[in-house]
Amino acid sequence: MSFSVFTFSVRDRLLGILLGSLAIAVLLWLSMLVYADVDLSFYYDLPPALLDGMGISPESGGVGGIAYGAMYNLMGAMTLAGLAIAIGTAAVAGEEQAGTLGLLLGNPRSRGTVVLSKIAALLTLTALGALVLYGAGRLVPTLVGTSIDGVQVGALVVHLFANALFWGMLAMAIGAWTGQSAVAGGTAGSVMVISWLAASTLPILDGGDAIARIFPWYYFNSSMPEVNGVNAAHLATLLVASLVLGALSLVGVNRRDLRAGGGRVTLFDRLRDNPRTAALADRIGGQARVSSIPVKTATDHQGLTTVVGAVALYMALLMPIFYTFLPEGTSEFFAQLPDSMIAMIGGVDMSTPQGFLQGEVFAITVPIALITLTAVVGARSLAGEEESRTMGLLLASALPRRRIVLDKALAMVALASVGGLMTFLGSAAGVLLAGLDVSILNLAVMCLLVTMLGIVFGAVALAVSAATGQVRWATGVAAIAGLVAYVLQSFLPLSDRYAAWAVISPFHFYLGSDPLTNGMPWGDAAVLVAMAVVLIGVAIPLFDRRDLRG
């Protein structure tokens with residue numbers, strides 16, 4: 001292992017891990033404050049099967065048990081795993097596409113040494129994030145004055161660490177074999193979301209628990225480590241799988257010719273190279289003219305857009321059909337859940353087809369997918385051009401800076417619209433195939449609103465990108481803003497004291513009026529559009545006035 005590569009990699013990603021972990025710590029504190037004002041008497045009357053599914057037992061401490069279930073089992077796990085995927089993606093594929101891998105190998109160091117150093121950095125950073133979450137899990141209850149007797153925070157965090165490490169190693173292995181950061185990050189992130197959904201929903205079906213075991217997320221929290229302690233078999237499964245992926249990373253890097261950076265062939269490049277389609281491609285994409293900037297930006301992110309669109313289409317198609325296979329009595333079971341618990345999954349009535357689709361598709365899954373897409377596009381639109389030293393080529397065409405910002409924003413809107421369209425096509429087909437009584441028009445409204453939501457957080461990334469020229473800062477701020485916004489909308493309405501503050505969250509204007517049941521909330525839609533326009537407008541002077549890096 002090379003100590004210099006290790007320390008550089010840790011330093012390069014340290015801020016992101018700290019910010020993400022501290023954000024979850026703040027949200028844990030907020031959720032405990034809110035739950036302190038909620039009557040939890042219903043909690044002890046819920047069926048034992050439901051409590052087991054949530055990873056909670058009556059002995060786990062009421063407020064503390066629910067807060068850990070919501071914040072660490074879901075938000076904390078997703079955040080730490082997402083950060084690990086980003087680190088794993090950048091480890092080999094990111095260095096290769098940025099053209100810096102040759103510098104690491106030219107010192108001289110073997111490929112194996114570099115990969116082992118990157119693995120050590122991923123291991124260290126993931127452990128550091130888990131350590132911050134453990135410290136917060138111990139400190140926050142003391143500050144709030146909440147008992148956590150019965151909650152094994154240490155066991156939960158150990159499982160969190162192993163789960164995040166697995167997803168980071170998966171991204172690294174894919175990047176080592178393909179050299180494509182978009183493929184590595186997009187594939188690992190998509191598989192993670194599908195794995196989480198499968199592990200969360202399949203056990204509801206008869207015999208579904210056996211199928212759920214093929215998904216890695218099952219080995220994270222199906223044993224309820226916060227209640228039952230560390231499950232050695234599940235923990236070993238994740239760690240051994242991570243070790244295998246590390247070995248695959250070494251094999252992948254050593255078996256192929258590495259690229260010197262850049263040089264990625266896009267769809268339009270292939271079309272231009274084909275004599276049959278060259279003329280059409282030149283008309284659509286342009287020939288080094290201003291009009292080609294949105295097209296170039298869109299094709300630069302075609303891989304991630306394809307992955308996000310496929311995930312959205314798959315989940316939107318699957319869930320309506322899945323609803324028809326729920327055991328008899330499940331609707332009545334959902335109907336008895338209290339409003340305060342339903343708020344954690346989007347504030348909907350899960351006993352109805354509309355509520356089930358909103359909770360399973362539109363409350364978390366599709367927003368995560370679209371925010372990921374728009375945050376990456378928004379961050380890389382300006383800061384990515386600077387970091388790859390291609391911004392000078394755009395400015396050399398005598399383009400005003402504001403035109404570049406607007407063209408990049410146009411590409412982001414177009415890509416978000418593709419994700420929204422794929423969601424609509426999947427959900428409409430699923431509803432028709434399943435024969436559910438769900439309005440196709442309201443489905444279109446829901447998909448339009450979630451597209452607007454994604455554009456808002458993409459505009460956040462664009463503004464931070466314009467202000468800092470740092471891709472990591474832009475994507476990190478957008479991701480944390482999305483996480484905080486979701487939690488504010490989900491938990492603040494539970495408390496009479498804090499309910500009015502939910503309006504500061506964009507999610508309030510997305511889900512607050514239950515659009516899948518009630519149709520288009522024109523006022524809320526106008527607010528989302530205004531947020532995006534203001535943020536893009538802010539990006540223009542920020543980019544205009546800053547000295548760009550060469």
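All heavy atoms count here, side chains included; hydrogens, waters and symmetry mates do not.
- Of all heavy-atom pairs spanning Val405 and Ile536, the tightest one is CG1-O, 4.4 Å.
- For Tyr72 (side chain) and Leu133 (main-chain N/O), a donor-acceptor pair under 3.5 Å exists by modelled atom type.
- Smallest separation of non-hydrogen atoms from Ser242 and Leu165: OG-C, 3.8 Å.
- Between Cys447 and Leu421, every side-chain heavy-atom pair lies at or beyond the 4.5 Å cut-off.
- Asn228 contributes a side-chain N or O that, together with a main-chain N or O of Ser223, makes up a donor-acceptor pair within less than 3.5 Å.
- With hydrogens and angles ignored, the 3.5 Å screen pairs a side-chain donor or acceptor of Tyr219 with a backbone N or O of Arg213.
- Smallest separation of non-hydrogen atoms from Met172 and Ala91: CE-CB, 3.5 Å.
- Checked against a 6.0 Å centroid threshold, the rings of His234 and Tyr218 count as neighbours.
- Contact check for Leu245 versus Leu248: side-chain heavy atoms found under the 4.5 Å cut-off.
- To the nearest 0.5 angstrom, Arg13 atom CZ is 9.5 Å from Leu83 atom CG.
- With hydrogens and angles disregarded, a donor-acceptor distance shorter than 3.5 Å links the side chain of Ser427 to the backbone of Phe424.
- Once rounded to the nearest 0.5 Å, the distance linking NZ of Lys118 with CD1 of Ile87 reads 10.5 Å.
- Interatomic distance, Leu128 CG to Ile17 CD1, rounded to the nearest 0.5 Å: 7.0 Å.
- No donor-acceptor pair under 3.5 Å is formed between the side chain of Ser117 and the backbone N or O of Phe6.
- Between the side chain of Ser465 and the backbone N or O of Ala383 there is at least one donor-acceptor pair closer than 3.5 Å.
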Please lay out, stage by stage, how Leu160 and Tyr134 fare under the test side-chain contact (heavy atoms from CB on, under 4.5 Å). CA-CA 10 Å; Leu160 269 171; Tyr134 176 76; over 6 Å; no
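- Using bins of under 30°, 30° to 60° and over 60° for the plane-to-plane angle, the ring pair Phe457/Phe507 lands in the tilted bin.
- Here CZ of Phe161 is found 14.0 Å from CZ of Phe166. Values are rounded to the nearest 0.5 Å.
- Under the 4.0 Å criterion applied to side-chain N and carboxylate O atoms, Glu385 and Arg380 are not assigned as salt-bridge partners.
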Can Val253 and Ser249 be said to form a side-chain contact (heavy atoms from CB on, under 4.5 Å), step by step? CA-CA 6 Å; Val253 165; Ser249 298; 5.7 Å; no
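- Trp473 CH2: 12 or fewer foreign heavy atoms inside a 6.0 Å radius.
- Leu535 pairs with exactly one of Leu462, Val464, Val456, Ile455 by the side chain to side chain contact (heavy atoms under 4.5 Å, CB included) rule, that one being Val456.
- The shortest side-chain heavy-atom distance between Leu125 and Leu14 falls under the 4.5 Å cut-off.
- By the 4.5 Å heavy-atom criterion applied to side chains, Glu226 and Val153 are not counted as neighbours.
- Minimum interatomic distance between Ala478 and Ala375 (heavy atoms only, all atoms of both residues): CB-CB, 3.8 Å.
- A distance of 12.5 Å separates CG in Leu131 from OG1 in Thr126, rounded to the nearest 0.5 Å.
- Proximity of a side-chain donor or acceptor of His159 to a complementary backbone N or O of Asn221 within less than 3.5 Å is not detected.
- Under 4.0 Å is where a charged nitrogen must lie from a carboxylate oxygen, and between Glu386 and Arg546 at least one such pair does.
- Side-chain atoms of Asp407 and Thr297, non-hydrogen and from C-beta on, never get closer than 4.5 Å to each other.
- Contact record, Ala84 with Ala164: CB-O, 3.2 Å, taken as the closest heavy-atom pair.
- Residue Ala312 comes nearest to Gly419 through the heavy atom pair CB-O, 4.3 Å, listed as atom of the first residue, atom of the second, then distance.
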Would Gln489 and Tyr510 satisfy side-chain contact (heavy atoms from CB on, under 4.5 Å), going step by step from the backbone distance to the final call? CA-CA 10 Å; Gln489 167 60 17; Tyr510 164 51; over 6 Å; no
I'd like to know whether Val115 forms a side-chain contact (heavy atoms from CB on, under 4.5 Å) with Ile119, so could you lay out the CA-CA distance, the side-chain angles of the two residues, the decisive distance to 0.1 Å, and finally the verdict. CA-CA 6 Å; Val115 172; Ile119 291 174; 4.0 Å; yes
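- Put simply, CG on Leu250 and OG1 on Thr113 are 9.5 Å apart, with the number rounded to the nearest 0.5 Å.
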